[in-house]
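Counting starts at 1 for both ligands and their atoms, in listed order. Side chains included, hydrogens not; waters and symmetry mates left out as well; all remaining heavy atoms used.
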Amino acid sequence: MAKEGVEKAEETEQMIEKEAGKEPAEGGGGGSHRLGDAQEMRAVVLAGFGGLNKLRVTRKAMPEPQDGELKIRVKACGLNFLDLMVRQGNIDNPPKTPLVPGFECSGIVEALGDSVKGFEIGDRVMAFVNYNAWAEVVCTPVDFVYKIPEDMSFSEAAAFPMNFVTAYMMLFEVANLREGMSVLVHSAGGGVGQAVAQLCSTVPNVTVFGTASTFKHEAIKDSVTHLFDRNADYVQEVKRISAEGVDIVLDCLCGDNTGKGLSLLKPLGTYILYGNLVLTPCNPHLLSFQWWQVEKVNPIKLYEENKVIAGFSLLNLLFKQGRAGLIRGVVDKLIGLYNQKKVKPVVDSLWALEEVKEAMQRIHDRGNIGKLILDVEKTPTPLVSQKQRDLFSSRSESSRCRHKRGVGRWGGRKCRQGSAGQGWRRKPEVTK
Ligand SMILES: NC(=O)c1ccc[n+]([C@@H]2O[C@H](COP(=O)([O-])OP(=O)(O)OC[C@H]3O[C@@H](n4cnc5c(N)ncnc54)[C@H](OP(=O)(O)O)[C@@H]3O)[C@@H](O)[C@H]2O)c1
């Protein structure tokens, strides 16, 4: 997949779509620029399913809130792995394109639809949105909007709902995490992975086993009890430390990891599938191989071995299965934990809307530690000319490439971070 993403990024240059008769936003499109006509806004648009070249920043009509909706002036949006899968059309029942991607954002309430209670214009909020989050303005039903604490930044708030609600629901609602238990989580350095690690630390004596690319280990070692490289034989490694296995397996990989996860469960342990990263179609041949590897679960075997198998999809729970009330209760508990300073979203880096391709490339390349944020008010890092690029490359090639396993300064695997076609951005804004 990384290769696919890199190739597509080469097609990228200036991402502001020049619509007939309209000039791009001043300075490449800083978020607070009002675009001549106040009835319009900037938004990221996915023109069709496929590579990074399907993404554009363009102008769209400003949405107005319907009955029961809030209109939010967006400050920051969360970029999730799921957004890459949407871009590729690699989801069940994909919606029609063109569409505005994005499932979560933070910002300020700008208008209230009829019958909305409990919110006022000016409230600082975070929200789930059923698509359309990557825009200057969104409208979403009040059921999916939550007030944010005063000291929570908009970036943190955009990094909060998807990762922390998913982690909380899996650990406490599905698997019933309790004192002294053990948990295995993959992609431990990612958005959900770091939320899982933090929530586990709120329960006494929980052991967390995590897999992650090795270059992330130094940064996340304090949040995970035992860390393994993502390519390690983690079944053997876990059993070497805990012969009986673990109580909870959180699997976002699928493929043959399902069988491995089930084999690691202690009696009464719970395996939860919540993603299918190894089925992401970087290679169609590998894809069918991985599907073939997915464990066929035999209920009789589960009963004999005293094992629980579960699945979890937050977006289905919210948007298809009508559980917004349950999720609101979970968000309230999570805000309580945030206020007690027991959890804090890990923000990997901030990107302008116009830098969405580079941001996606960073996840493709497994470069992120924590969450990527699209900062609507951020001005894109200027593109660097070919001459400057050559100069910079020759000066820094040795330093950029001397990192372990070819890992560059910002965590990408190929020593090519910030590349975006003819133009080349120096580096993302990284917050640690
Ligand atoms: N079911 C739900 O409700 C729900 C909600 C949110 C997220 N999720 C799932 O949780 C998983 C993590 O999501 P996230 O948004 O927090 O992403 P993330 O973990 O922040 O980023 C992706 C990370 O996954 C690892 N990875 C594994 N296979 C990969 C591949 N084929 N390509 C690129 N990276 C790969 C990489 O870390 P390492 O190299 O360090 O392993 C990468 O940094 C995803 O599968 C997502 O779909 C599910």
Ring centroid separation Phe160 to Phe164 under 6.0 Å: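 Yes, they do, as the ring centres are separated by less than 6.0 Å.
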Keeping [X] on the side-chain end and [Y] on the backbone end, is there a donor-acceptor pair under 3.5 Å?
X      : Y      : answer
Lys260 : Tyr234 : no
Ser187 : Gly190 : no
Thr166 : Met162 : yes
Trp134 : Glu104 : no
Gln198 : Ser223 : no
Ser182 : Asp247 : yes

Between [X] and ligand 1, which part of the residue brings a heavy atom under 4.0 Å of the ligand: side chain, backbone, both or neither?
X      : result
Leu314 : both
Ile363 : both
Arg230 : side chain

Side-chain heavy atoms of Leu318 within contact of Phe103, under 4.5 Å: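 No - every pair of side-chain heavy atoms lies 4.5 Å or more apart.
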Thr211 and Arg230 side chains, donor-acceptor separation under 3.5 Å: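 Absent: no donor and acceptor within the cut-off.
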Test item: side-chain donor near acceptor, Lys371 and Asn80, under 3.5 Å: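 Yes, Asn80 and Lys371 have a side-chain donor paired with an acceptor closer than 3.5 Å.
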Polar contacts were defined as any N/O atom of the residue lying under 3.5 Å from an N/O atom of the ligand; does this apply to [X] and ligand 1?
X      : answer
Thr211 : no
Asn276 : no
Phe81  : yes
Gly191 : yes
Ala212 : no

Proximal atoms of ligand 1 relative to [X] (non-hydrogen, under 4.0 Å):
X      : value
Asn80  : 15 (O)
Tyr274 : 1 (N), 2 (C), 4 (C), 8 (N), 9 (C), 10 (O), 48 (C)
Ser213 : 38 (P), 39 (O), 40 (O)
Cys252 : 10 (O), 11 (C), 45 (O)
His364 : 33 (C)
Gly190 : 18 (P), 19 (O), 20 (O)
Val192 : 6 (C), 7 (C), 16 (O)
Asn368 : 18 (P), 20 (O), 21 (O), 42 (C), 43 (O)

Cation-pi, Phe49 ring and Lys54 (6.0 angstrom, 45 degrees):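 Negative - Lys54 is either too far from the ring of Phe49 or too far off its axis.
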Heavy-atom gap Gly189 to ligand 1 smaller than 4.0 Å: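 The answer is no: ligand 1 sits nowhere under 4.0 Å from a heavy atom of Gly189.
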